[in-house]
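Structure first, commentary second.
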Amino acid sequence: MNAIEYFFVLDRDTLHAIAARACERIAPTWPLDRLIAVNPLWERRHQPWAEVAEQLWRRAGSRLTLSAEDYRQAWASGAIGERHLQQALAGDSHGWTLQHLLQTLQSADEESRGLPLLEDMADADIALPGWPTLITQQIGQCCAAWFDESQADWHVNRQGGLYQAWRQAMQDDRGLSVLSACPELGARIAELPPQAEVALELAVQRLGLGADELEEWFDCLLLRNLGWASWCAYRRWQARQGSGDDATLFDLLAIRAAWEWLVDDRQRKAGSRWDNWRRAWQAARAQQPSSSWQALQLWQRAEELAWQERLQQLLCSQPPQPVTQAPLAKVYFCIDVRSEPLRRALETVCPEVETGGFAGFFGLPIAYTPLGTCATRPQLPGLLAPQLMVGDSSGDTSRDTELAERRQARLTRQGRWRLFERLPASGFSLVESLGLGYAASLLGRTCGLLGAGQTAERVAWKPAEWQRLRPVLALESAPQRVEMAARILRAMSLTQNFPPLILLLGHGSQSANNPQAAGLDCGACCGQSGEINARVLADLLNDVQVRQGLVGQGIRLPAECRVLAGLHNTTTDEVEVFDTQALPAALAPSWQRLREALDGAAQRARQERAASLGLEHLVDNPERLLKALHRRANDWSQTRPEWGLAGNAAFIAAPRVRSRGLNLQGRAFLHDYDWRLDEGGTVLEQIMTAPMVVAHWINLQYLTSTTDNGRFGSGNKVLHNVVGGHIGVFEGNGGDLRIGLALQSVHDGQRWMHRPLRLSVVIAAPCAMIDQVIANHQVVRELVENGWLHLLRLDEEPGAPLQVRDARGWRLLN
């Protein structure tokens, strides 16, 4: 039977509309130099969470839960109890019983590869490694070459677009026919149309797909190359921030569809490859999720309910802790969960210190260009676009020029060797070129014996040179500076009762030989440390003219109050504070007490997390513990320098008195918020549309990287190779671009260090204020009413239970 008999007429506009929707379902991934956490399912938020979970299981085999064994352990340990299972069952319509749920834990996990593609039917005819692997590898290598801008010395022609470059590469590659054991592949490649649109239409027609199948088919294709699809989505995201667009993702979809057509055996008889695929495809489409899959969803929900129960007990079981009437200082941390143990330790060591939580970019919509470089990087959440510029200056233009020239010369010299070190097996060749002296250096780096690594701000500077510089905000208008300062102070709920010292602490991480290091820095600063933002805001708030202007805004910063900036190293829990030498003598005693408190708190925080790093034997020896953490930070063989945001499960927007003294185990994002100071609800609106969404992105990245690391995570960190200089990583020497977290970031080799729970957001504000934000913002409404996070309300009355807001309205937490 001739294949033409299976052709059909499909409206081109319909086909392209469905293809466009498939492309819109792909969320972006950020490059390595500004790596931030991303919810890889972000563009599906208009659907209920349960519906998306079922789609991913059916289409891609992604479970979005842990295994039955993991829940067996949670049940045995009491982390999940019978009451939590009963509560999960109360919201289920499948007629499950507690006994059924317990029985499912005794059976093996059911595996699913999702809906089959035609390439999956062809393995019997191909030499190693198989069609699916070969296709992913070929597309990956082509994309790596096409997108590269800073690593390769030779670049492919980009004028015609990604599809045209792929088509040319296919035509030039004579080895594919041999590797695939498909002699006719070359002839089929020669038939590829030159336009991506035509290729997509041709593949759909010749494979006999109907309009009702295209959404699933396109989704399956893109999920097979989710890494490169996510990079294309990032290009689209960036283009749209500038009111443009980018069609590269459509090209990738056309490439994936064209490959399906290329592996078609062109036979339409019973038993042919195409016939086997059509039968398997239709059968899989009609199949409903198994009882085992449904049971695991209920176990997952039960664990979320167990966490919310513990959270309610903590927040509602004791009255708010009073704070000192005349605090020594107020220290503002980023809301990052790694700040919570240090905040708690600081308040314990020195009760006269108040701590606050605010997004680590400190409300500054800035991009930063370090002196002596041409590199400009954003210092704000990836959801936003920079509006202002910050650079470095010593205050003397001629000196700035001299310093810039010195740094450029050093970077040029260092850059040559650093480029060389990125090459495969460079460790051996570099030793061979430079002699045994460099071998000693390699050994020192391997053992973590060399000095502390430099932050990006200090690379190629001598200490004396760096200390002359400070970040300068390019905003000359005094009214604009005053307006910005007032807006930020209101967002921080800091408009009265100012203590003598205010310390703004950004945070950054420290690790060696880690392509994903930016992912451990401040997500609110687009994968950079928060040092620049903290220093810029401190200078702004210390400016005499700004303070005078703030009086007109109803904010009086006392003349004796000083604002400092610092940096919290989340790998070692050390705190560095800048420009303390400029403090007036009258504040010296206060600063000394704060410095001692910071050091004592850092020691307690290190002791608290020592066990999670395998350093529990050093808990009683603070000096050795700190040295061990320094070694981890500088050891280029260390795959787990710290645990990042593993364990994150809650976002709390409330006055600190509601959580002060509570051990939240480094699992909560803590944002200061007092609704009584929020006239019109504008601050609450900012919190729910920005920090809450960023925390949700972090939470879903950790959830998906844990439950399906093969698709949404980046696999084994030991095998990572950088792609395109900064684009991302391969796991090994090819395949798909890997997104998300490495397995070592969520698992210690024996157990999960992250439990995948949807974020529980707790807000202390009246229902009406919260509902107003939900009504005004579609994104927030989708997250809340479609179950992508759990929204809870903390009542002003101590002891009152939490309330839950979902699509049906408010109700008491069970």
Side-chain angles (χ1 to χ4, degrees), residues 314-315 318-360 362-363 488-507 530 534 537-538 541-542 555-558 560-568 573 575 577 580 583 587 589-602 604-605 652-664 666 668-678 683 687 691 764 794 796 798:
L314 282 169
L315 293 172
Q318 66 179 41
Q321 284 200 7
V323 295
T324 179
Q325 293 300 312
L328 167 70
K330 185 149 189 178
V331 184
Y332 274 89
F333 292 77
C334 179
I335 63 173
D336 187 292
V337 297
R338 291 168 291 182
S339 300
E340 187 272 331
L342 186 56
R343 289 181 63 178
R344 176 165 31 91
L346 181 58
E347 292 165 343
T348 302
V349 168
C350 186
E352 294 174 89
V353 172
E354 292 184 28
T355 71
F358 192 63
F362 290 107
I488 293 172
L489 287 172
R490 291 191 183 101
M492 297 171 70
S493 297
L494 183 62
T495 57
Q496 57 189 1
N497 301 324
F498 295 96
L501 289 174
I502 298 172
L503 174 57
L504 308 174
L505 274 186
H507 69 91
L537 182 57
L541 296 179
N542 284 326
I555 302 173
R556 295 180 180 273
L557 262 168
E560 61 274 15
C561 173
R562 287 292 183 272
V563 183
L564 294 170
L567 184 68
H568 169 207
D573 273 320
V575 176
V577 182
T580 57
L583 286 173
L587 289 176
S590 297
W591 159 241
Q592 185 60 36
R593 291 170 61 197
L594 178 58
R595 178 70 268 180
E596 292 171 358
L598 289 168
D599 292 339
R604 291 175 68 104
I652 302 174
R656 176 57 172 164
V657 294
R658 300 304 304 270
S659 58
R660 185 174 172 123
L662 303 180
N663 185 354
L664 293 166
F669 302 90
L670 297 177
H671 197 300
D672 272 41
Y673 173 67
D674 188 340
W675 70 268
R676 291 164 299 185
L677 303 177
D678 184 17
V683 174
I687 291 173
L794 180 62
E796 281 194 289

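Keep in mind that the numbers below use all heavy atoms, side chains included, and drop hydrogens, waters and symmetry copies. Along the sequence shown, residues are numbered consecutively beginning with 1. Bear in mind the structure is a predicted one, so any value in this text is a computation, not a measurement.
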**Study point:** Given Ile555, Val563, Leu541, the one that forms side-chain contact (heavy atoms from CB on, under 4.5 Å) with Phe498
**Key:** Ile555
Check your understanding: Does the side chain of Pro327 reach to within under 4.5 Å of the side chain of Pro499, using non-hydrogen atoms?
Key -> yes
Point to revise | Aromatic ring proximity His671/Phe358, centre distance under 6.0 Å | key: yes
Point to revise | Separation between CD1 of Ile502 and CG of Leu557, rounded to the nearest 0.5 Å | key: 6.0 Å
Practice item. Indicate yes or no for a side-chain donor-acceptor contact from Ser339 to the backbone of Cys334 under 3.5 Å, with no hydrogens or angles considered. Key: yes
Review point. Passes side chain to side chain contact (heavy atoms under 4.5 Å, CB included), Leu677 versus Val683? Steps please.
Key: CA-CA 9 Å; Leu677 303 177; Val683 174; over 6 Å; no
**Study point:** Trace of the side chain to side chain contact (heavy atoms under 4.5 Å, CB included) decision for Tyr332 with Thr355
**Key:** CA-CA 6 Å; Tyr332 274 89; Thr355 71; over 6 Å; no
Check your understanding: Does any donor atom in the side chain of Ser659 or Arg656 lie under 3.5 Å from an acceptor atom in the other side chain?
Key -> yes
Review point. Taking all non-hydrogen atoms of both residues, which atom of Glu340 and which atom of Gly666 are closest, and how far apart?
Key: OE1-N, 2.7 Å
Check your understanding: Does the side chain of Val331 come within less than 4.5 Å of Leu346's, by heavy atoms?
Key -> yes
Review point. Going by an N to O cut-off under 4.0 Å, is there a salt bridge joining Arg660 and Glu354?
Key: no
Check your understanding: Tell me, do Leu503 and Lys330 make a side-chain contact under 4.5 Å, heavy atoms counted?
Key -> no
**Study point:** Pairwise distance CG(Asp678) to OG(Ser493) - rounded to 0.5 angstrom
**Key:** 7.5 Å
Check your understanding: Are any non-hydrogen side-chain atoms of Ile335 and Pro691 less than 4.5 angstrom apart?
Key -> yes
Review point. Does some side-chain heavy atom of His568 sit less than 4.5 Å from a side-chain heavy atom of Asp336?
Key: no
Study note, to complete from the structure: Partner of Leu594 under side-chain contact (heavy atoms from CB on, under 4.5 Å), picked from Val353, Thr580, Asp599, is Val353
Point to revise | side chain to side chain contact (heavy atoms under 4.5 Å, CB included) partners of Glu796, counting only residues at least two apart | key: Trp675, Arg676
Review point. Of Leu587, Leu505, Leu583, which is the lone residue that meets side-chain contact (heavy atoms from CB on, under 4.5 Å) with Leu564?
Key: Leu583
Practice item. Under the side chain to side chain contact (heavy atoms under 4.5 Å, CB included) rule, what do Leu504 and Met492 come out as? Steps first, then yes or no, please. Key: CA-CA 11 Å; Leu504 308 174; Met492 297 171 70; 4.0 Å; yes
Review point. Counting heavy atoms not belonging to Arg556, are there more than 12 under 6.0 Å from its CZ?
Key: no
Check your understanding: Side chains of Arg344 and Asn663: do they bring a donor and an acceptor to under 3.5 Å?
Key -> yes
Check your understanding: Side chain of Asp674, backbone of Pro655: donor and acceptor closer than 3.5 Å?
Key -> no
Check your understanding: Could Arg343 and Asp672 be called an ion pair, given the rule that one side-chain N must be under 4.0 Å from one carboxylate O?
Key -> yes
Check your understanding: How about Leu328 and Cys350: do any of their side-chain heavy atoms sit closer than 4.5 Å?
Key -> yes
Practice item. Give the minimum heavy-atom separation between Ala764 and Ala654, together with the two atoms involved. Key: CB-CB, 3.6 Å
Point to revise | Tyr673 vs Ile687 side-chain heavy atoms within contact, under 4.5 Å | key: yes
Practice item. Would you sort out whether Trp591 and Val577 count as a side chain to side chain contact (heavy atoms under 4.5 Å, CB included), showing the intermediate values? Key: CA-CA 10 Å; Trp591 159 241; Val577 182; 3.7 Å; yes
